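Quantities reported herein were computed from a predicted structural model and do not represent experimental measurements. In each ligand, atom 1 is the first atom listed, and ligand 1 is the first ligand listed. Along the sequence shown, residues carry numbers from 1.
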Amino acid sequence: MHPNAEPSSNVPPSPDTTVTGKPRILTGDTPTGQLHLGHYVGSVKRRVELQDSHECYFIIANMHAFTTRVDQPAEIRRDCLEIVRDYLAMGIDPKRSAIFLQSEIPAIAELTFLFAMLLPFNRVMRNPTLKDEIKVKNLGDNYSFGFPLYAVGQTADILAFRPVQVPVGEDQVPHIELTREVARKFNQLYCGVSDQAEDKDHDRLGGVFPVPEAFVGKVGRLIGTDGVNKMSKSLHNAIFITDTFKQIKKKLGQLYTGRQSMTEPGDINNALFQYVRTFITDADRVAELERAYAAGDNIGDGHIKVEVAEAIDRMLEPMRERRREYEGDDETIIDILRDGSARANAVTEQTLAMAKEAASLGFFDRELRYR
Ligand code: ATP
Ligand code: MG
């Protein structure tokens, strides 16, 4: 296909065709609050780097936010807009990358239903990330039917784009594994791909879905300021990109290491040193801090925390400034989402047509229109 050609909606193209001719990636976030440092180092930084070499789609998974906040629709809507502001602040360029709303992509909902049939119920419930979320978010056994369904939905979020790669934090790897299983199963059941085929060969052998790979960056799991759990929007242990230097310093001050004095040898694998290695960019300084800390050479946790806070503040300053340009301007943000959703629908409608055809559900062509 010509690099800039529009995909035609009714003719299923070969599975590796993209709008721009570049390999595709898909990833995104649930609007459960603003984005934090964990998102940046775990996923968004990589997305920013891939914008030129890849055709990028970033999903705001707003339907999935309803799994835990069904009584807060207005807050979810607000968080969608805030996350777009965070993306723009972190360097995502909406001209190159499509930022879109999950709720505006009907193909995702349709594929979710189809994929739910391919996965044994107990296989979904065994997903360690789901189990962990049920525990840390105190959901007990009162979670909705939709809660575990979101794990199936996420396989559809991803496969609807037939991407080659999914840049995510470590906690998402089990979800990507589930996605890979769905892709293999679908291709075997409906596209005649042998169960002996290697993952990398699935699309070449006629599978609708390439078997996508998780890409976990250098910091796959940034610990929160509680020093224990993953930094998470829902756990009140996050440093947000809008935080001021004072707030950053205060939050880091709470990070407990258990070390008693400046002369006690410290553990350079603790949470504080994950921050040192992640945010202090001068490698010599990092090495010196590690040496002094391990030796208990007159260096206090408080001092290191201030140095880390300064490094984080330097990184965030240009982001906070960019973000201010979009504050209060919902129209611009909604325009970005409208444009991104239209681009996402162009791809996902194509995927859906291919998947329906393969599963003998291809009765008619259809065309979606936005008013
Ligand atoms: P929630 O508490 O609502 O689950 P979250 O903070 O875990 O929110 P998600 O929307 O679930 O954020 O995750 C979005 C992306 O950011 C995923 O790829 C996830 O792996 C990554 N991510 C989130 N938190 C971290 C973290 N602390 N370290 C590294 N990556 C992270
Ligand atoms: Mg999460």
Side-chain angles (χ1 to χ4, degrees), residues 25-50 56-70 72 75-76 78-80 82-84 86-87 90 92 99 101-102 127-139 143 146-148 150-151 153-155 157-158 161 163 165-179 212-243 251-252 255 271 274-275 277-279 312:
I25 63 163
L26 174 286
T27 187
D29 303 273
T30 319
T32 38
Q34 275 180 244
L35 295 190
H36 52 65
L37 292 179
H39 295 112
Y40 184 66
V41 300
S43 177
V44 181
K45 195 160 174 251
R46 172 82 179 157
R47 302 181 206 173
V48 173
E49 290 162 3
L50 290 176
C56 296
Y57 294 87
F58 302 132
I59 184 170
I60 313 277
N62 57 339
M63 293 311 297
H64 291 183
F66 280 76
T67 55
T68 52
R69 298 165 82 198
V70 72
Q72 300 168 41
E75 286 84 351
I76 295 173
R78 179 204 59 209
D79 287 342
C80 290
E82 291 304 322
I83 286 193
V84 178
D86 286 338
Y87 282 175
M90 289 175 176
I92 289 180
I99 304 173
L101 287 163
Q102 186 182 44
N127 181 321
T129 301
L130 269 192
K131 283 191 188 166
D132 209 46
E133 270 185 279
I134 291 168
K135 206 169 77 198
V136 295
K137 293 179 184 171
N138 280 323
L139 303 179
Y143 51 82
F147 179 74
Y150 106 75
Q154 195 171 322
T155 71
D157 296 338
I158 297 170
F161 291 84
Q165 194 193 86
V166 192
V168 284
E170 212 172 86
D171 62 310
Q172 294 295 310
V173 172
H175 288 313
I176 312 300
E177 200 41 55
L178 202 66
T179 308
E213 284 185 1
F215 178 92
V216 179
K218 218 166 61 200
V219 189
R221 183 177 183 274
L222 185 71
I223 307 282
T225 53
D226 56 7
V228 183
N229 294 301
K230 171 183 98 89
M231 185 178 283
S232 174
K233 285 173 270 162
S234 319
L235 295 180
H236 309 292
N237 64 358
I239 295 176
F240 297 102
I241 70 155
T242 47
D243 283 352
K251 287 182 178 178
L252 281 177
L255 201 146
Q274 185 190 35
Y275 281 73
R277 283 185 291 271
T278 305
F279 299 107
I312 293 173

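- Aromatic ring orientation, Y87 versus F58: perpendicular (interplanar angle above 60°, classes split at 30° and 60°).
- By the criterion of a heavy-atom distance under 4.0 Å, the side chain of T32, and not its backbone, is placed next to ligand 1.
- Ligand 1 has no N or O atom lying under 3.5 Å from any N or O atom of G42, backbone or side chain.
- Ligand 1 is never approached by A238 to a heavy-atom distance shorter than 4.0 Å.
- At a heavy-atom distance under 4.0 Å, atoms from both the backbone and the side chain of L222 approach ligand 1.
- Taking 4.0 Å as the cut-off between side-chain N and carboxylate O, R221 and D171 do not count as a salt-bridged pair.
- Of the listed options T27, D29, D79, D29 places a heavy atom closest to atom 15 (C) of ligand 1.
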| request: Take Q172 and T129, measure what side chain to side chain donor-acceptor pair (under 3.5 Å) needs, and give me the verdict at the end. | output: CA-CA 7 Å; Q172 294 295 310; T129 301; over 6 Å; no

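- Within the set E170, R221, K137, the minimum heavy-atom distance to atom 4 (O) of ligand 1 is found for K137.
- The contact set between ligand 1 and D171, taken as ligand atoms under 4.0 Å from a residue heavy atom, comprises 19 (C), 20 (O).
- Below 4.0 Å from some heavy atom of V168 lie the following atoms of ligand 1, by number and element: 18 (O).
- Checked against the 6.0 Å centroid criterion, the rings of H175 and Y150 qualify as a close aromatic pair.
- Ligand 1 has no nitrogen or oxygen under 3.5 angstrom from a nitrogen or oxygen of V219.
- Compare A214, S43, G220, P31 by their heavy atoms: the one nearest to atom 29 (C) of ligand 1 is in G220.
- Between M231, E133, H39, Q274, it is H39 that holds the heavy atom closest to atom 13 (O) of ligand 1.
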| task | Dump the intermediate steps for side chain to side chain donor-acceptor pair (under 3.5 Å) on Q102 and D157, then the final yes or no. | result | CA-CA 8 Å; Q102 186 182 44; D157 296 338; 3.0 Å; yes

| task | For the pair I60 and I99, evaluate side-chain contact (heavy atoms from CB on, under 4.5 Å) and give the outcome as yes or no after the intermediate values. | result | CA-CA 7 Å; I60 313 277; I99 304 173; 4.1 Å; yes

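- In this structure, D29 pairs ionically with R47, as a charged nitrogen and a carboxylate oxygen lie closer than 4.0 Å.
- Under a 4.0 Å N-O distance rule, the pair D79/R69 qualifies as a salt bridge.
- Atoms of ligand 1 lying under 4.0 Å from any heavy atom of Q172, numbered from 1 in the order shown and given with element: 17 (C), 18 (O), 19 (C), 20 (O).
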